[in-house]
Amino acid sequence: MGVLWVDNDVFNYLCKAGCLEAVLSNAPYTLRTTELVRNEAAAGGIALQSAITAMDRGEISVHPLGKPPLHQALQRIGGLSPTDLSLLLCAQHLGGQVLTNDKRLRIQCVAEGVGCKLFLEFLDECDQNGWLDAQTIEKLRVLCGAV
Amino acid sequence: MRETVKLPSLAEVVSKRVRSLRERRGWSLSELARRAGIGVSTLSEIEAGQSAPRLDTLVALAHALGAPLDTFLYANENPLEARLRAIETPENLPALQLWLERCRRYLEIEALVGKQGIRAPVYALQPSRRRRDELLQIEAIAEQERYRLQLGIEPIADLVTVVEEAGLRVIGADLPEHDVEGAVLFVAEHEAAVAFINCAKPSLRQRFTLAHEYGHLLLHRNRAEIWERDLFRANTPEERQANAFAAAFLMPKPLIERMYDEYGFSRKRKQLPMYGWLVMTRRLQVSPHALAWRLYNLGYIHESERDWALGEGASLLKEMERAFYDEPLEPPKVPTLSERARALVLHAYCQEQMTISAVIATLERTLYAVQEYLTAATMDTHKATKFFERVNTLLHGGEQHGSAVGG
């Protein structure tokens, strides 16, 4: 079904709800992220350990800094971090959509013509297709303030 | 991203900045390689721009050089960097790099939320040959400024908030203690003025420095940037004027007169009793040093009394303070990021102008610690209470409170 470039906001929800492995096993998307996201996650301590482990095992592929399109220096965009910019660039040049719950990031994706899937839309898909159980989906909706 | 400009390669940017920072720290290739835990040949290749380093190598280099990672990722150098070279030393370079990044982020948030601009007026000093006339002019400016800011004559409790509301941005710098007191930068492209305060100095000193930088903003904004290595030994007219402003602003003459009357101190004797020094420094929240110069310039004490306070008096007064008071006088230190800046970050986030990743970088927090609070930030209190109850139940079986959410 395509590639999702995942930000840390989403990894954090999935780790807190303890369902990252279920998403990796059941959702027919290829989850990718960037080395800058991984670095930010690592700075968060043990909380995001399952995401780091999945990245290290290759279950979530990590696009390295220095490889196109991240071979160029970044251009500043107000309100965005280098981590956000790396996801945008990868989705734009390598294909796929950015998966985020961040409204500012979504606004920038739309402005740049980059595909973006909001986390709540993804949860609806998970619900409709049975990729996650109802209890987990409820948990994730609570965590992101949707209920 | 819209590729309207040709961006340099990451290898090129990293090469240039790593070499520049290494040389400014006075390190050889092997010294930096040793500190970063990488091979000399790897570092040599990076500096030659032959290849972009791996991220873990770049993180190690950034750490060793004491520079934020962002320094190596963006195409354009922070434009303020060149202006800080005047006070840069190999020892303070990491603190200056961090300060620059904080400053850049603060000004960027202001631009995002449209809160730029300096509201404080510029006061023109009339040229005067006599020092006394200059002091009188500055005295009047300080009084006018207190009136404009509706401060009355009472001591200023929260100086950072006062000067920030007047348009001076305040950012603390973690410099070595022996380093510069502070500085002010006028950033024309952002229509901003930023005060740079050394957080390692005693808090009374930080307070005086901040008032001094505010003086520069009011008196010398139309000139180029002003730097000072040591306020109290500065002998340029600008530094002298900024010191005079700080003294008059923090220690208004009417308040000093009122205290003299209240405690029955004699102006004629040109001396203060020991307890007078103690009472006045604590009430005005200034050091004996600053008070001594102020009273001397007002003609309330003799030169010998001033010199006593500048010399042996300071330590005697410290001992006396310990004997009579539970706590030493300690006004709040200048924060690395002010209340106002933090408020603007939250505002920008809630207005969908900043991403979570940019918020956590600016606040120097981890996502895991603040995610729920950012989610709740736009909720009304009723909804937020329910939200935290639900999150606690989900994550901790309902046994913990909101403060525990987010680890």
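Note that the structure is a prediction, hence the values are computed from the model and not measured.
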Just how far is it from atom CG of B:D70 to atom OG of A:S81, taken to the nearest 0.5 Å?
-> 7.5 Å
Pairs of heavy atoms under 4.5 Å with chain A: top-ranked of B:E108, B:R365, B:M379 | B:E108
Scored by heavy-atom pairs under 4.5 Å with chain B, the best of A:D9, A:N8, A:L105 is A:D9
Please walk me through it: do B:E12 and A:Q72 pass side-chain contact (heavy atoms from CB on, under 4.5 Å)?
-> CA-CA 9 Å; B:E12 201 181 319; A:Q72 287 185 314; over 6 Å; no
Tell me, side chain or backbone of B:T355 under 4.5 Å from chain A's heavy atoms, or both, or neither?
-> both
With rounding to the nearest 0.5 Å, note down the distance linking NE2 in A:H71 to CG in B:L10.
-> 9.5 Å
Atom of B:Y74, atom of A:L85 and distance for their closest heavy-atom approach = CE2-CD1, 3.9 Å
Interface check, chain B: of A:V37, A:D84, A:T83, most non-hydrogen pairs under 4.5 Å belong to A:D84
Could you tell me whether B:E23 atom CD has more than 12 heavy atoms of other residues or ligands within 6.0 Å of it?
-> yes
What distance do A:K103 atom NZ and B:T378 atom OG1 have between them, rounded to the nearest 0.5 Å?
-> 6.5 Å
Cut-off 4.5 Å, heavy atoms of chain A, and the answer for B:I109 is neither
Verify the neighbour count for atom CD of A:Q135: are there more than 12 heavy atoms of other residues, nucleotides or ligands below 6.0 Å?
-> no
Between B:K383, B:M354, B:Q371, B:R390, which residue shows the highest count of heavy-atom pairs closer than 4.5 Å to chain A?
-> B:Q371
Part of B:V14 lying under 4.5 Å from any heavy atom of chain A | neither
So what's closer than 4.5 Å to chain B heavy atoms on A:A47: side chain, backbone, both or neither?
-> both
Let me know if A:L143 has heavy atoms under 4.5 Å from chain B in its side chain, its backbone, both or neither.
-> both
Should we say atom CD of A:E121 is surrounded by more than 12 heavy atoms from elsewhere, each under 6.0 Å from it?
-> yes
Pick one of side chain, backbone, both or neither for A:D102, based on which atoms fall under 4.5 Å of a heavy atom in chain B.
-> side chain
Please name the pair of heavy atoms, one in B:F387 and one in A:V142, separated by the smallest distance, quoted to 0.1 Å.
-> CE1-O, 3.0 Å
Contact summary for B:L73 and A:P82, nearest pair of heavy atoms = CD1-CB, 3.7 Å
If you tally heavy-atom pairs under 4.5 Å between each of A:A17, A:G113, A:G145, A:A43 and chain B, the highest tally belongs to A:G145
Residue part contacting chain B, namely of A:C15, when any heavy atom lies under 4.5 Å | neither
Counting distance only, does the side-chain N/O of A:R104 pair as donor-acceptor with the main-chain N or O of B:Q353 below 3.5 Å?
-> yes
Given side-chain contact (heavy atoms from CB on, under 4.5 Å), test B:E352 with A:R106 step by step and report yes or no.
-> CA-CA 10 Å; B:E352 300 174 6; A:R106 184 186 166 94; over 6 Å; no
Using non-hydrogen atoms only, which part of A:E40 is less than 4.5 Å away from chain B: side chain, backbone, both, or neither?
-> side chain
Closest contact, heavy atoms only, A:A73 versus B:V13 = CB-CG2, 3.6 Å
Residue B:A75 versus chain A: region with a heavy atom under 4.5 Å | both
B:L374 versus chain A, heavy atoms under 4.5 Å apart: side chain, backbone, both or neither?
-> neither
Would you indicate whether A:D133, at its atom CG, is surrounded by more than 12 heavy atoms from other residues, nucleotides or ligands within a distance under 6.0 Å?
-> yes
Under 4.5 Å to a heavy atom of chain A? For B:K386 that would be neither
From CD1 (B:I356) to OG1 (A:T100), nearest 0.5 Å | 7.0 Å
Heavy-atom pair of closest approach, residues B:L69 and A:L36 | CD2-CD2, 4.2 Å
Under 4.5 Å from a heavy atom of chain A, the part of B:S9 involved = both
Give, for atom OH of A:Y13 and atom CG of B:L367, the distance between the pair rounded to the nearest 0.5 Å.
-> 8.0 Å
Residues A:K16, B:E372: salt bridge by 4.0 Å N-O rule | yes
More than 12 foreign heavy atoms under 6.0 Å from CZ of B:R25: is that the case here?
-> yes
Which of residues 56-67 of chain A have a heavy atom under 4.5 Å from any heavy atom of chain B?
-> A:L65, A:G66
Taking A:E35, A:R76, A:K139 one by one, which has the highest count of heavy-atom pairs under 4.5 Å against chain B?
-> A:R76
With a 4.5 angstrom heavy-atom cut-off, which part of B:L55 approaches chain A: side chain, backbone, both or neither?
-> both
Looking only at A:V147, A:L48, A:D7, most heavy-atom pairs under 4.5 Å shared with chain B are made by A:V147
For the student: nearest non-hydrogen atoms of B:A358 and A:L80, plus distance = CB-C, 4.1 Å
